[in-house]
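In what follows, every chain begins at residue 1, and chains take the letters A, B, ... in the order their sequences are listed.
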Amino acid sequence: MSAYINELNESQQQAVLQTDGPVMIIAGPGSGKTRVLTYRIAHMIEKGIDPFTIMSLTFTNKAASEMRHRIEKICGGEARNIFMGTFHSVFARLLRVDAPKLGYPSNFTIYDSQDSLSMIKQIIKELQLNDKTYKPNQVFSRISNAKNALISPKAYKLDQEILSEDIQMQKPLMGQLYETYAKRCFQSGAMDFDDLLFKMYELLVKFPEVLYQYQHRFKYLMIDEFQDTNFAQYSIVKKIADVYQNICAVGDDAQSIYAFRGATIENILNFQKDYPDLHVFKLEQNYRSTKNIVKAANHLIVNNKNQLQKTIWTDNIAGEPIKLMKANSDNEEAKLTADLIFEYKMRHHFSHNDFAILYRTNAQSRAYEEALRRLNIPYTIYGGMSFYQRKEIKDLIAYLRITVNHHDEEAWRRIINYPVRGIGKTTTERILVLANEREKSIWDICENIFSTDITGKAAQNILAFTMMIKSYATMLEKQNAFELATHIAKSSGILKELHEDKTVEGVMRYENIQELLNGIKEFSEEDTIEEGREEEFSTDRSLGAYLQNITLLTTQDQKVESTDSVKMMTIHSAKGLEFPCVFIGGMEENLFPSSMSLYSREELEEERRLFYVAVTRAMTYLTISFASSRYKFGNLNYSEPSRFLAEIPKEIMALHGDVKKKMEDTYDGDFEAPVKRRIVSAGNFSGSRPTAADPNFQADDPSKIMVGSEVEHQRFGTGKVVALDGLGVNKMATIFFQGEGQKKLMLKFAKLKVLG
DNA sequence: GTGGGATCGGTTTTT
DNA sequence: CCGATCCCAC
C-alpha cells in the first residue's frame with residue numbers, strides 16, 4: 001500500500017481501496033472528501049488503470065484542476081489524461097464533437113440564462129401573450145424543470161397531468177411556448193444550460209454507437225457532490241456506467257442545496273436501488289471545525305425529517321462559543337463585521353484570506369463592501385453580476401458569437417442596431433416574422449434580404465451588416481482569437497462609441513472592454529493549464545473554445561488576482577470551501593429562511609441545510625449576525641431573528657461583548673430602539689427641474705443637491721442632505737437626509753443630473 | 001428612427 | 001434600487 005494511503009483513517013482507506021464496482025461515499029462536511037477522491041484516483045492510476053478511461057465530475061472547474069494537480073504530484077503527468085470538469089463543461093466538450101449528429105453545428109453557441117430569458121420574452125411577445133400571466137421567469141423555470149426531468153416538448157404537450165397543472169396555473173399554452181423556444185434555440189444553433197444535459201442524453205439514446213463508444217471509453221466514473229445532481233445528470237452517468245458499473249458517487253444529503261435546480265435526494269436513494277451490490281462508506285469524522293461548530297451543525301440538522309442517519313463528530317478542540325451579533329440595520333451589521341475582522345486580524349494574526357462573509361442573497365454584499373472599504377480591508381466578491389454579464393461585455397461577445405455561429409439569434413438581436421446603423425424596430429421585427437414563417441434562421445433571411453419585401457436603405461444596411469460579419473468570419477482561420485476580437489471591437493464601432501462617452505461609467509465600460517480583450521489575449525496565447533480553467537480547452541485556442549469556456553465558468557472559477565483579501569459570497573457559492581473565520585450575516589426570518597421558501601416543509605428543510613452548509617464552512621471562529629431592521633422594498637418584515645438561531649444550543653453561543661460596547665458608542669446609548677426607516681415615493685428630476693412625481697419633496701434647485709444641501713419634505717419637514725448614494729446608470733440616487741428633531745436618517749429617492 | 005424622460009415592476013440560490 | 005419598457009418630441 002502506498003505511503004499516502006496510510007495517512008487516512010479506516011473508512012477513508014476503505015473508500016480509496018474499493019476502486020471497482022458501484023460505490024457510494026457519504027461524506028460529512030470537513031471529512032477529507034477531496035483527499036479521498038484524489039487518493040482514490042491516484043491509487044487507481046498506480047494500480048495500472050489508464051487515466052484516459054476515468055471520468056470525474058466535480059462541482060467547479062477549479063476543483064477539477066486542483067484535484068488534477070494533486071494527482072499529478074503523486075502520479076506524474078499521466079493525470080493530464082483524466083477527463084475532468086463540471087457536468088456542463090464535460091458534456092459541452094463531448095457535444096462539440098457529436099452535436100452535428102443532432103443537427104447542431106459543432107460550434108454551437110451556449111445561451112446563458114440572460115439569453116434564454118430574452119428569447120422567451122421575445123416569443124411571448126410574438127405569440128401576443130400577456131406577460132403578466134406568462135411571466136418570462138416562470139416560463140423559463142418551467143421549461144428548465146421539464147428539461148431536467150428529460151421531458152421533451154412533444155412529451156410535454158402530450159402529458160395530460162402537466163397540461164392540467166398548466167391550466168390550473170392559467171398557463172395553458174406552456175407546451176407551445178416550450179416547443180417554440182426549443183425550436184428557436186435549435187434554429188439559432190444554440191443550446192442553453194439545460195440543453196447541455198438534455199441533448200447529451202438524447203445523443204446517448206438516439207445513437208447507440210455513441211453510447212457504446214462512451215461506455216467503453218469511460219470505464220470509471222466519479223461524481224462529486226452527488227446530492228446536487230438532477231435527474232438528467234444522473235440518467236446520463238448511469239447510462240455511461242451501465243457496462244462496467246464502476247461508478248462512485250460522493251456526496252452528503254445534508255448538504256443538498258440545489259433542489260430549486262432540479263437536484264433531488266431521491267438520486268441517492270435511487271442509487272442504492274439501481275445498484276443493489278453497492279459498497280457504502282460513511283465518512284463521519286470532521287477534521288475541519290471545532291467541537292462547538294460541529295455541535296451547532298448537528299443540532300440544526302436533526303430538525304430535518306428528510307435525511308439519512310449519520311453523526312458528525314470531531315477530535316478537535318472545543319473552541320470558542322459561536323458569537324451572535326445583533327445590529328440595528330444592515331449597514332450597522334456590516335460595520336460591526338468589518339470591525340471584528342480588523343480586530344481578529346490584529347489579535348490572532350490572521351491574513352485576510354482567512355475570512356469569509358457568507359450571506360443568503362447577492363444583494364447583501366453591498367453593505368459589507370462599503371464597511372470594508374472604509375476600514376481599508378481588501379475584499380473579493382464571488383458571484384453576483386459577473387464580469388461577463390455586463391452590458392458592454394455581452395455586446396462585444398455577441399459580435400464574437402455571431403462571427404463564430406452566424407445563426408445565433410440572441411446575439412443578432414443584441415447588436416443588429418448597436419452601434420446605431422439605421423436598422424430599426426420595424427425592420428428587425430419583419431425579419432423575425434419572416435424567419436418564423438419560412439422556418440429559417442435569422443441569418444438565412446438576412447443573407448437573402450433581397451428576396452424579401454424589405455427594400456431600400458434598410459435592406460442595404462442589413463446587407464452591410466451581414467457582409468461585415470462574413471468578413472470577420474473569414475479571419476477566423478488566419479488570425480488568433482485576440483487579434484480577431486480586437487479587430488472586431490474597433491471596426492464594429494463599439495470601442496469608438498465607448499471611448500466618446502466621457503462619464504465615469506463610460507470610462508469604466510471602456511476599461512472593461514480592454515480587460516476582456518486582455519483576457520482573450522491571455523487565453524489565446526497560453527499553452528499551459530491555468531488555474532480554474534478546463535484543461536480540455538488547453539489545446540483548443542480558438543475563439544469558439546474561448547466563448548464556450550467563459551459561459552461555463554462557475555462562480556468559484558472566477559479569476560482572482562492573488563491578493564490577500566476577505567472573501568464574500570452567497571452560501572451556495574461557498575460549497576466545498578472552508579475558512580478559519582466565518583461570518584454569516586442577515587439571519588432574519590424571511591431573509592434566511594427566505595420568504596420564498598416557506599411554502600412547504602421541503603423548502604424549509606433545504607434552507608436549513610443551507611444554513612448547515614454555512615456553519616460547517618467555519619474552522620475556528622464563527623460569528624452569526626442579524627439586524628433588527630433591514631432596508632427592503634415591499635412590506636415584508638425583516639426584523640425577527642431567524643428561527644434557525646433558536647436551534648443552536650444556548651450554551652455554545654455568546655453575545656459578543658465588545659460589539660455591545662461599540663453599538664452603544666455609535667448610538668449614544670439608544671441603540672435598543674430600531675432605526676426608523678421610511679421609504680418615500682420617488683422624486684423625479686428632469687434636467688434641472690423637478691417633476692410633479694413627489695409633491696412632498698421640495699428643493700429650490702434639485703440639480704444642485706449635494707451633501708449639506710437644505711431640502712424640504714412636506715411630511716418630514718426641512719432637513720439637510722447627509723449623504724448621497726447610488727447614482728447608477730440611470731442616475732437615480734438615494735438621498736439620506738436628517739431633519740430637525742429627527743435623530744434618524746431618512747431615505748429618499750430622487751433622479752438627479754450628475755454634476756461635473 | 002432616435003433619444004430622453006417617465007413609469008412600472010420585481011427581488012433566492014446557479015450552471 | 002435598477003432595468004425594461006412605454007411614450008413623446010424631434
(message) Ignoring hydrogens and geometry beyond distance, is the side chain of A:Arg360 in donor-acceptor contact with the base of B:dT13 at under 3.5 Å?
(response) yes
(message) Taking 5.5 Å and 30° as the limits, would you call A:Phe260 and the base of B:dT13 a stacked pair?
(response) yes
(request) Looking at every strand, decide which applies to A:Thr428 at a 4.0 Å heavy-atom threshold: base, sugar-phosphate, or nothing. (result) nothing
(message) Nearest to the side chain of A:Asn362, heavy atoms from C-beta on, is which of B:dT13, C:dC2, B:dT15?
(response) B:dT13
(request) Please determine if a side-chain N or O atom of A:Thr60 lies less than 4.0 Å away from the OP1 or OP2 oxygen of B:dT14. (result) no
(request) Would you kindly give the CD-to-P distance between A:Glu606 and B:dT14, to the nearest whole Å? (result) 12 Å
(message) Among B:dT13, B:dT11, B:dG10, which nucleotide has an atom closest to any side-chain atom of A:Lys135?
(response) B:dG10
(message) Can you work out whether A:Phe140 or A:Thr427 has the more 5'-proximal nearest nucleotide on DNA chain B?
(response) A:Thr427
(message) Distance check needed: B:dT13 P versus A:Tyr382 OH, whole Å only.
(response) 19 Å
(request) Mind running salt bridge (charged side-chain N to carboxylate O under 4.0 Å, His left out) on A:Arg366 and A:Asp330 for me, showing each step along the way? (result) CA-CA 10 Å; A:Arg366 248 176 182 269; A:Asp330 42 4; over 6 Å; no
(request) Counting heavy atoms from C-beta on, name the nucleotide in B:dT15, B:dG3, B:dT13 closest to the side chain of A:Val420. (result) B:dG3
(message) Do A:Asp115 and A:Ser118 have side chains that approach each other closer than 4.5 Å (heavy atoms only, starting at C-beta)?
(response) no
(request) Specify the separation, in whole Å, of atom CG of A:Asn61 and atom C1' of B:dT14. (result) 13 Å
(message) Donor-acceptor check, side chain of A:Gln255 to backbone of A:Gln227, threshold 3.5 angstrom: yes or no?
(response) no
(message) Rounded to whole Å, please give me the gap between CZ in A:Arg609 and C1' in B:dT12.
(response) 15 Å
(message) Can you see if the side chain of A:Asn461 gets near the phosphate of B:dG1 - specifically, an N or O under 4.0 Å from OP1 or OP2?
(response) no
(request) Indicate whether OP1 or OP2 belonging to B:dT14 is found under 4.0 Å from a side-chain N or O atom of A:Thr570. (result) yes
(message) Do A:Asp224 and A:Phe59 make a side-chain contact, defined as non-hydrogen atoms from C-beta onward lying under 4.5 Å apart?
(response) no
(message) The side chain of A:Tyr258 is closest to which nucleotide in this list: C:dC2, B:dG1, B:dT14?
(response) B:dT14
(message) Between P on B:dT13 and OH on A:Tyr359, what's the gap in Å once rounded to a whole number?
(response) 10 Å
(message) Taking the nucleotide of DNA chain B with the nearest heavy atom to each, does A:Ala458 or A:Ser573 sit closer to the 5' end?
(response) A:Ala458
(request) Take atom NZ of A:Lys121 and atom P of C:dA4, then tell me their distance rounded to the nearest Å. (result) 6 Å
(message) Between P on B:dT12 and CD on A:Glu588, what's the gap in Å once rounded to a whole number?
(response) 16 Å
(request) Assign the ring pair A:Phe91 / A:Phe87 to parallel, tilted or perpendicular, where the plane angle (0 to 90°) is split at 30° and 60°. (result) perpendicular
(request) State whether the side chain of A:Asp195 and the backbone N or O of A:Asp192 hold a donor-acceptor pair below 3.5 Å, judged by distance alone. (result) yes
(request) Answer with base, sugar-phosphate or nothing: what part of the nucleic acid does A:Asn137 contact at a heavy-atom distance below 4.0 Å? (result) sugar-phosphate
(message) Using whole Å, what does the distance between atom C1' of nucleotide C:dA4 and atom CZ of A:Arg413 come to?
(response) 14 Å
(request) Remember a base hit wins even if backbone is also touched, and classify A:Asn417 as base, sugar-phosphate or nothing at under 4.0 Å, heavy atoms. (result) sugar-phosphate
